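As the structure is a computational prediction, the values presented were derived from the model and not from experiment.
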Amino acid sequence: MRQKVLAGNWKMYKTHSEARAFLDQFIPLIAGRDPKRTVILCPPFTTLETLCAAAGDHFDVGAQNLHWEPQGAYTGEISAPMLLEMGIRHAIIGHSERRQYFSETDESVNKRLRAAQHQGITPILCVGEGLTEREDNETDAWICRQLDHGLEDANLENLIIAYEPIWAIGTGKTCEAPEANRVIAMIRTHLGASNTPILYGGSVKPGNIDELMTQPEIDGVLVGGASLEAESFARIVNYK
Ligand code: 13P
């Protein structure tokens, strides 16, 4: 059976003290969860250490990005060895906000992804169509292109994929569960990677998590806004 993954992407939210307050509330709420569910919290770089110190067996910590070089003159970037020394084993790569606001291309996404894998970090590769592609019936072709470029020369074993339709991110519009299931099945077939966990992301909330997780192809979720509140993210982790 494929791994179930419940991941939170905190984006550019929470200071150190806000992160501490979240953890004090969150950890007891997930204490009784099924140990087969992997929980990953991806905070901003400034709170990685705060989360690593509290993680224990409760959750894993992931970064929101990493550079392809192990070190160098790249102001504002961080590298895999920096994360590894803190015990971090996951990193989100190619989030649509990085592509949209920080000029990430399929080529830079691929460089970051291969560097992560090469150095022992599991990338969480984000793919997903915008509203235009969806309305033009280009969804599947768009995603296959992102996969083909993003995963060039990559290893399909040490990998998590997140299908995040851009029109559903932060908008309150969730992709209907059967449609998310269909796209994720399409991704799995396209890659021929039957063991790769594939997550859904985009307005996941306590109110829709149970239905999403009943879908056979959806192995978990990547959650933005609802991962910022301990009670709502705990409810997502403890889905029924
Ligand atoms: P929301 O859950 O806020 O829609 O964000 C999804 C996302 O971008 C996770 O990476």
Side-chain angles (χ1 to χ4, degrees), residues 3-34 36-44 46-48 50-51 54-55 58-65 90-98 100-101 124-128 131 160-181 183-184 197-215 217-240:
Q3 194 189 354
K4 299 288 181 214
V5 180
L6 297 307
N9 173 10
W10 280 3
K11 309 190 179 186
M12 196 175 73
Y13 289 97
K14 291 200 192 292
T15 63
H16 165 78
S17 53
E18 289 166 347
R20 272 264 30 116
F22 172 96
L23 294 170
D24 289 346
Q25 222 193 329
F26 179 66
I27 290 173
L29 291 173
I30 60 161
R33 76 170 200 281
D34 178 345
K36 290 197 285 294
R37 297 181 186 184
T38 300
V39 179
I40 308 173
L41 281 172
C42 303
T46 48
T47 38
L48 283 172
T50 316
L51 265 66
H58 308 300
F59 55 86
D60 291 343
V61 183
Q64 294 177 15
N65 197 10
H90 295 89
I92 297 172
I93 303 285
H95 191 279
S96 60
E97 288 151 14
R98 300 280 330 155
Q100 187 179 351
Y101 303 127
I124 304 173
L125 172 66
C126 299
V127 295
L131 197 55
I160 297 174
I161 292 179
Y163 166 53
E164 299 208 308
I166 297 170
W167 50 270
I169 295 180
T171 58
K173 286 188 208 157
T174 324
C175 183
E176 294 291 321
E179 173 60 6
N181 190 66
V183 175
I184 287 176
I198 310 182
L199 320 182
Y200 167 76
S203 297
V204 175
K205 305 273 182 259
N208 56 27
I209 183 66
D210 297 336
E211 191 194 359
L212 285 164
M213 293 308 293
T214 60
Q215 302 292 320
E217 299 291 340
I218 300 181
D219 300 321
V221 285
L222 180 56
V223 187
S227 72
L228 295 170
E229 297 236 337
E231 271 188 22
S232 65
F233 193 49
R235 174 62 184 83
I236 288 169
V237 169
N238 297 322
Y239 71 86
K240 301 197 169 83

(message) For C126, give me all partners under side chain to side chain contact (heavy atoms under 4.5 Å, CB included), at least two apart in sequence or on another chain.
(response) I92, H95, A162, E164, L222
(request) For W10, check side chain to side chain donor-acceptor pair (under 3.5 Å) against everything at least two apart and list the hits. (result) none
(message) Using the side chain to side chain donor-acceptor pair (under 3.5 Å) criterion, which residues pair with T47? Sequence neighbours excluded.
(response) none
(request) Can you measure from OH (Y163) to CD1 (I184) and round to the nearest 0.5 angstrom? (result) 8.0 Å
(request) Applying side chain to side chain donor-acceptor pair (under 3.5 Å), name anything that partners H16, two or more places apart in sequence or on another chain. (result) T50
(message) Taking salt bridge (charged side-chain N to carboxylate O under 4.0 Å, His left out) as the definition, give me every residue that meets it alongside K14, ordered by chain and number, with sequence neighbours left out.
(response) none
Report, one line per pair, each donor and acceptor closer than 3.5 Å where one atom sits in a side chain of residues 17-26; sequence neighbours left out.
from, atom 1, to, atom 2, distance (Å)
S17, OG, T15, OG1, 3.4
E18, OE1, T15, N, 2.8
R20, NH2, D24, OD1, 2.7

(request) Can you measure from CD1 (I30) to NE2 (H58) and round to the nearest 0.5 angstrom? (result) 7.5 Å
(message) Tell me every residue that passes side chain to side chain contact (heavy atoms under 4.5 Å, CB included) with N181, counting only those two or more places apart in sequence or in another chain.
(response) Q215, P216, E217, I218
(request) Report yes or no: does N9 contribute a side-chain atom to a donor-acceptor pair with the main-chain N or O of G224 at less than 3.5 Å? (result) no
(message) Per the salt bridge (Lys or Arg N to Asp or Glu O under 4.0 Å) rule, what does the pair list look like for residues 166-181, sequence neighbours excluded?
(response) R134-E179, E179-R182
(message) Please enumerate all residues that pass side chain to side chain donor-acceptor pair (under 3.5 Å) together with S203, with sequence neighbours excluded.
(response) none
(request) Could you tell me the separation between the CG atom of L6 and the OG1 atom of T38, rounded to the nearest 0.5 Å? (result) 8.5 Å
(request) Could you tell me whether the side chain of I124 reaches within less than 4.5 Å of the side chain of I93, counting heavy atoms only? (result) no
(message) Applying side-chain hydrogen bond (donor to acceptor under 3.5 Å, both in side chains) as the test, list every pair that has at least one member in residues 226-240; sequence neighbours left out.
(response) D210-R235
